[in-house]
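Per chain, numbering begins at 1; letters A, B, ... match sequence-line order.
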Amino acid sequence: MIQVSDLHVCFGRGTPLEVYALRGVDLTIPQGQFVTVIGSNGAGKSTLLNAIAGEIQPESGKIVIGHQDVTQAPTHKRAKNVARVFQDPKRGTCETLTLEENLALALARGKRRGLRPAIKSVDNKRFKELVARLGLGLEDRLGDQIGLLSGGQRQAMSLLMATLQPIEILLLDEHTAALDPKTAAFVLELTAEIVEREKLTVLMVTHSMQQALDYGDRTLMLHEGKIIFDIEGEQRQSTTIPDLLKLFETKSGQGLADDSLLLG
Amino acid sequence: MSQIAFLGAIEVGLVFALVAFGVFLSFRILDFPDLTVDGSFPLGGAVCATLITFGWNPWLATLAAITAGAMAGGVTAWLNVRLKILHLLASILTMMALYSINLRIMGKPNVALLGEPTVLSVFDTLGVKYYYAAPIGFAVVVIAVAGFLLFFLKSELGLAMRAAGANPHMAKAQGINTGFMIMVGMALSNGLVALAGALFAQSTGNADITMGVGVILVGLASVIGGEALLTPRTILLALLGCILGSILYRLAVATALNTDFLGLQAQDLNLITAALVAMAIVLPTAKRAVFKPAGRP
Ligand SMILES: Nc1ncnc2c1ncn2[C@@H]1O[C@H](COP(=O)(O)OP(=O)(O)OP(=O)(O)O)[C@@H](O)[C@H]1O
Ligand SMILES: [Mg+2]
């Protein structure tokens, strides 16, 4: 379970470049819920995910993951419970290391790293099986540097790495945005499949309203650092994209200028 | 080149292979351009030589030198990680400070080890000729260190260190404390460089405040030269490249100095070094241009 209460994030406080990115976000995500997040550019979506992951220190507010208050904890201490897939496939995997070494890094997440060999022979068989499930034929390329893979293949590997271990929450920040439409659809399907199978708790940012409604159990919209609506269940089921637009206009008091939200 | 000159080049090449390992760790594994090396090399020499003249066992003195070097590397890392000083600047600060510290340790600019026991003394008792002793002894050390590094860089901790250097974002997301990895890596790197300084002082019979000048360049030349010779697709190849690069560099210098028609003398060493470093940097590009597969742009 994730609990975010009254979260405020401000960049460059007191400078001419001051940006008030989150203005009091309250959000509770129960175990096993798949939440999609939409909002125009600069709404604070990435900032919210970064704050949960520990990349950004909030000015005030509280973040509880599991039953632990992690507001002050650095990223690497939260990594045991928080897994991420970034928008840029290059960020989630280490290109100079092999597929196998990347998986070994993910497998050791949240455990003590010592002087034992990073890759044990027992792992190799397990990695082969896991990678084979992606259906990309990568199981024969475990010794290749991951930088040799395509963006889509790398993103699939990032997903696999993120979900290799039990986690409290999976954070996805437009993780299909850098891919071509066909690959994006594949990665999204893969995501849904893994989430379903592992019963994961997910917070997924997307730029597509269609995706936001098609995937997951609950949808919320961020606007100027606040959650302006939050729908789930029957209400969500009967919601269409025009409904979302209307909802946005009434809640924010302005028209939606960002066409990109309509696409997809 | 005489046999003695050849063995001398191998001996120095082996000592500097340790420096190359250190530079490989900082520049390549951690992506941390570290100039501390120019201070930690003489630090190793100073600590070791001074302790030996105090009557310490040379092995213990060498161990103390490694510890001192590791601490110097740790300080540079700390300046960068904790105080957020730019890595290059942090290393220059430590290097500067070490100049004074080295003078303090030695109490004078130069400590001679005439007639003192060194780690190479074991070869005397075995009856090995003095000009074979150092190359053999140092080869053993270099192989042992390479073996350790190979084991370490393939361990869980070593893999975490490689990730921390190559992609800190990803490393943190995988629960790796990147700051800690930089500390450990820099300590290891400069510990090795100080070991090289300690061995160098013991084989040449003195430690000198100026012995560190340009060591970073030589180390870098060895690493880059090695990469040009062996494309380092694996850790093993990269480590072999360091050794090969360092020895070939020394042989190249010795040849240049021994070739009469060039008319080069010992004072031209820095000129030769600069020329060789420039060559080593250009070589990989040149190699790519020469070996470009036909029909490809
Ligand atoms: N590290 C930072 N320093 C300064 N300002 C920042 C930083 N990160 C984000 N911001 C600002 O905070 C605001 C919210 O940014 P954020 O990245 O969270 O938006 P977003 O909703 O993810 O937008 P997008 O859809 O474009 O990804 C923006 O105005 C952005 O410029
Ligand atoms: Mg964003």
Looking at [X] and [Y], what are the two nearest heavy atoms and their distance?
X        : Y        : value
A/Cys94  : B/Ala166 : SG-CB, 3.5 Å
A/Leu115 : B/Phe152 : CD2-CD1, 3.7 Å
A/Ala79  : B/Ala173 : CB-O, 3.4 Å

Would you indicate whether [X], at its atom [atom1], is surrounded by more than 12 heavy atoms from other residues, nucleotides or ligands within a distance under 6.0 Å?
X        : atom1 : answer
A/Gln68  : CD    : no
A/Glu196 : CD    : no
B/His169 : NE2   : no
B/Met71  : CE    : no
B/Phe180 : CZ    : no
A/Arg197 : CZ    : yes
A/Lys62  : NZ    : no

Could you tell me which portion of B/Lys172 (side chain, backbone, both or neither) has an atom closer than 4.5 angstrom to a non-hydrogen atom of chain A? both
For [X], which atoms come within 4.5 Å of any heavy atom of chain B: side chain, backbone, both, or neither?
X        : answer
A/Lys90  : backbone
A/Arg78  : neither
A/Leu97  : side chain
A/Gln165 : neither
A/Thr75  : both
A/Thr98  : neither
A/Ala108 : neither

B/Asn167 side chain reached by A/Thr93 side chain, heavy atoms, under 4.5 Å: no
Spacing of [atom1] belonging to [X] relative to [atom2] belonging to [Y], to within rounding of 0.5 Å:
X       : Y        : atom1 : atom2 : result
A/Arg84 : B/Gln174 : CZ    : CD    : 11.5 Å
A/Thr96 : B/Arg233 : OG1   : CZ    : 14.5 Å
A/His76 : B/Thr178 : NE2   : OG1   : 7.0 Å

Between A/Glu101 and B/Arg162, is there a side-chain N and carboxylate O pair less than 4.0 Å apart? yes
Which one of A/Ala162, A/Pro117, A/Ala53, A/Ala104 has the most heavy-atom pairs closer than 4.5 Å to chain B? A/Pro117
Have a look at B/Glu156 and tell me which of A/Arg113, A/Arg112, A/Arg116, A/Arg109 forms a salt bridge (Lys or Arg N to Asp or Glu O under 4.0 Å) with it. A/Arg116
